[in-house]
Amino acid sequence: GETRSWLMGTRLGEVKLGYLGRAAAAFADTSDGVTPLVLIPEERSCMSFLVYIPSDCYVLAQDCGKHVPEGASFYQGAGIEIKPPWWKVAYLVTRQAVTYNAPVASVPTKDNVRVQVDITLVFSISDPYRFVYDLGVLRFDEYLRAATDESIRMLVGEVDHSEILDVKGEFGNTMLSNLNDKFQPLGVDFNTVLITDVKLPEGLAKMRQNITNLRTAKELKEKDFNFRLKELEDESRILYQQVEKKNNAQMIEVEAKTQQAQIQRDLEIARLEERKQNGLILAQEEAKVALINADAENARAEKLAESRHSTQVIKAESEATAARTNAEQSAKEVLIGAEKEVTTLKLQTQAKVKQLSLSAETQAQQIERAAEAEAAEKRAELQGKARQAEAEAEAATAFAEMRRLDLEHARLDLQQDLASQGKVYLHGDGAADFVSGISRTLASGFAEKTPLLGEVTENPVAPPASSPEPRAHEEGMVTRNDERTPSK
């Protein structure tokens with residue numbers, strides 16, 4: 001019964017009405033499966049002069065079987081009116097919007113799949129006169145069912161079954177336009193056309209349902225996967241940010257430590273450079289002091305020798321006058337040897353002075369290298385360098401004392417050698433230069449014992465017989481005291 005009712009859909013019809021006051025209830029009564037669009041009141045009694053005119057529907061009136069008012073679509077009155085017996089209410093037409101269900105069974109699609117389509121139409125009657133007199137309810141029901149079936153079959157036949165559910169809205173718009181074109185001239189306006197359901201064959205419907213379920217499950221899984229993926233991405237991003245912050249903090253800490261170490265290194269280098277400069281300056285000062293002390297010792301020894309030899313020169317001049325003749329040749333040899341010795345002594349003295357300078361520079365270089373090595377050994381090396389400097393100072397002091405003793409010893413040897421030769425007389429300007437050169441040579445100091453004038457002239461060689469007589473104009477000659485030959 002339900003299947004048949006579904007296949008039949010809504011039936012439209014006209015219903016007889018006994019009392020005009022029950023018009024609204026009659027329009028709403030669909031218990032017999034018919035939706036009334038038009039009510040036909042009973043005939044009036046010939047003795048009736050009062051007529052009730054309903055206000056909630058269209059009223060079509062007739063006067064002696066002729067529609068009144070002429071030219072109007074319906075009668076405008078309402079309530080109880082006095083009318084003659086030949087005036088009557090012929091038809092009552094609903095003003096309400098009517099819902100019409102029009103199921104269409106076994107409609108073939110483009111790919112020849114039979115589907116069932118359920119359509120719901122909503123319409124209203126705009127011109128009751130034309131609707132009743134030109135169309136009629138029964139013919140409207142037949143025409144509407146046929147038009148609906150035709151439109152559905154035309155539209156469904158243009159698409160595949162897989163697309164029909166997607167184009168339901170387009171079907172409705174097309175059918176609405178078609179139905180209005182057909183029925184508006186007959187007084188019916190269609191407001192809405194809805195395709196409420198499209199039923200596929202049972203097997204195909206189950207298959208599509210399974211596909212839909214699978215698609216839904218896939219979408220759910222994709223959503224779950226995307227959600228989980230987003231969670232993992234968020235966790236990874238948070239973890240990455242934490243690691244990045246930690247790395248940045250560590251980098252900042254490392255940079256701070258590096259800067260601190262660089263500053264400490266610069267300070268240490270500055271301290272070492274300062275110590276190096278102080279050590280170098282100290283070594284240079286010590287070298288300068290040593291050189292100054294050596295120069296002072298040399299000057300003192302030179303002055304002492306000059307003072308002592310000046311006395312001997314004066315004495316020798318008085319004694320040398322008598323011995324000039326026989327000692328001229330010996331004096332020449334002695335003078336030549338003395339000049340050689342003086343030259344040798346000068347070279348040795350210069351070498352010693354240069355050696356002292358080189359020794360001072362070497363000590364400065366050693367102290368500089370010690371200062372550079374102090375960067376690794378730090379305070380222990382600095383103490384070692386201090387002990388080394390003290391030892392060098394003590395050595396310099398001992399060396400100065402040793403030089404002083406050597407000078408004293410050389411002075412004594414010179415006196416002894418002069419004494420062993422007997423009396424020697426030096427006279428003239430050349431004698432003064434000779435004695436002054438010997439004094440300066442002795443005053444410059446000796447690093448080791450050097451042969452002196454006395455050692456050279458210890459065994460004087462007599463002048464050969466063929467030697468020429470000493471010239472009277474030569475000055476500064478040396479003569480022995482056993483030949484008391486005065487100088488000319």
Side-chain angles (χ1 to χ4, degrees), residues 5 8-102 120-148 179-193:
S5 175
M8 292 178 63
T10 302
R11 288 188 304 161
L12 303 177
E14 55 185 21
V15 178
K16 292 187 178 294
L17 179 63
Y19 174 58
L20 293 176
R22 297 186 66 255
F27 279 121
D29 185 11
T30 58
S31 59
D32 57 352
V34 177
T35 300
L37 297 181
V38 176
L39 299 179
I40 303 175
E42 294 181 352
E43 293 290 337
R44 292 178 61 193
S45 171
C46 61
M47 299 300 294
S48 174
F49 292 94
L50 297 178
V51 179
Y52 175 75
I53 307 299
S55 60
D56 53 357
C57 59
Y58 296 114
V59 177
L60 298 181
Q62 293 179 357
D63 187 2
C64 295
K66 183 181 179 180
H67 176 75
V68 289
E70 186 176 356
S73 177
F74 57 91
Y75 184 73
Q76 299 290 340
I80 299 175
E81 294 183 3
I82 299 174
K83 297 295 182 180
W86 53 85
W87 192 95
K88 67 174 181 178
V89 175
Y91 301 99
L92 296 178
V93 182
T94 181
R95 289 175 177 267
Q96 305 297 323
V98 179
T99 300
Y100 180 83
N101 294 323
T120 299
L121 308 176
V122 179
F123 65 90
S124 61
I125 298 173
S126 59
D127 190 344
Y129 180 84
R130 290 183 179 180
F131 178 75
V132 172
Y133 294 111
D134 295 342
L135 181 60
V137 176
L138 298 180
R139 283 190 300 173
F140 174 66
D141 186 32
E142 293 175 359
Y143 289 166
L144 181 58
R145 189 174 299 277
T148 303
L179 293 175
N180 280 325
D181 291 341
K182 290 181 179 180
F183 291 100
Q184 274 185 352
L186 299 176
V188 179
D189 291 338
F190 286 88
N191 303 320
T192 304
V193 176

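Annotation: salt bridge (Lys or Arg N to Asp or Glu O under 4.0 Å) contacts of Glu81 (sequence neighbours excluded): Lys83. For Arg130, the salt bridge (Lys or Arg N to Asp or Glu O under 4.0 Å) criterion is met by Asp127, not counting sequence neighbours. For Phe27, there are no ring pair (Phe, Tyr, Trp, His ring centres under 6.0 Å) partners, not counting sequence neighbours. Remark: Gln62 pairs with Tyr133 by the side chain to side chain donor-acceptor pair (under 3.5 Å) rule, at least two apart or across chains. With sequence neighbours excluded, no residue satisfies salt bridge (Lys or Arg N to Asp or Glu O under 4.0 Å) with Lys16.
Side-chain atoms of Leu60 and Val38, non-hydrogen and from C-beta on, never get closer than 4.5 Å to each other.
The 12-atom threshold is not exceeded at CD of Gln96, counting heavy atoms of other residues, nucleotides or ligands nearer than 6.0 Å.
Taking each heavy atom of Ala97 and Ser124 in turn, the nearest pair found is CA-CB, 4.3 Å. When all heavy atoms of Leu144 and Leu12 are compared, the closest pair comes out as CD2-CD1, 4.2 Å.
One distance of note links CZ of Arg95 with CG of Asp56; it measures 8.5 Å at 0.5 Å rounding. Remark: Asn101 CG to Thr10 OG1 distance equals 4.0 Å, nearest 0.5 Å.
Just one residue in the list Asp189, Val188, Ile125 forms a side chain to side chain contact (heavy atoms under 4.5 Å, CB included) with Phe183, and that residue is Val188.
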Query raised in the report: Where do Phe140 and Phe123 land on the ring pair (Phe, Tyr, Trp, His ring centres under 6.0 Å) test, with the steps shown first?
Result: CA-CA 12 Å; Phe140 174 66; Phe123 65 90; 5.2 Å; yes
Report task. Could you give me the CA-CA distance, side-chain angles and deciding distance for Leu50 and Ile82, then say whether side chain to side chain contact (heavy atoms under 4.5 Å, CB included) is met? Result -> CA-CA 5 Å; Leu50 297 178; Ile82 299 174; 3.4 Å; yes
Side-chain donor-acceptor contacts of residues 84-92 below 3.5 Å, not counting sequence neighbours, with atom names and distances?
unit_1 : atom_1 : unit_2 : atom_2 : d
Trp86  : NE1    : Asp63  : OD1    : 3.4
Lys88  : NZ     : Glu43  : OE2    : 3.0

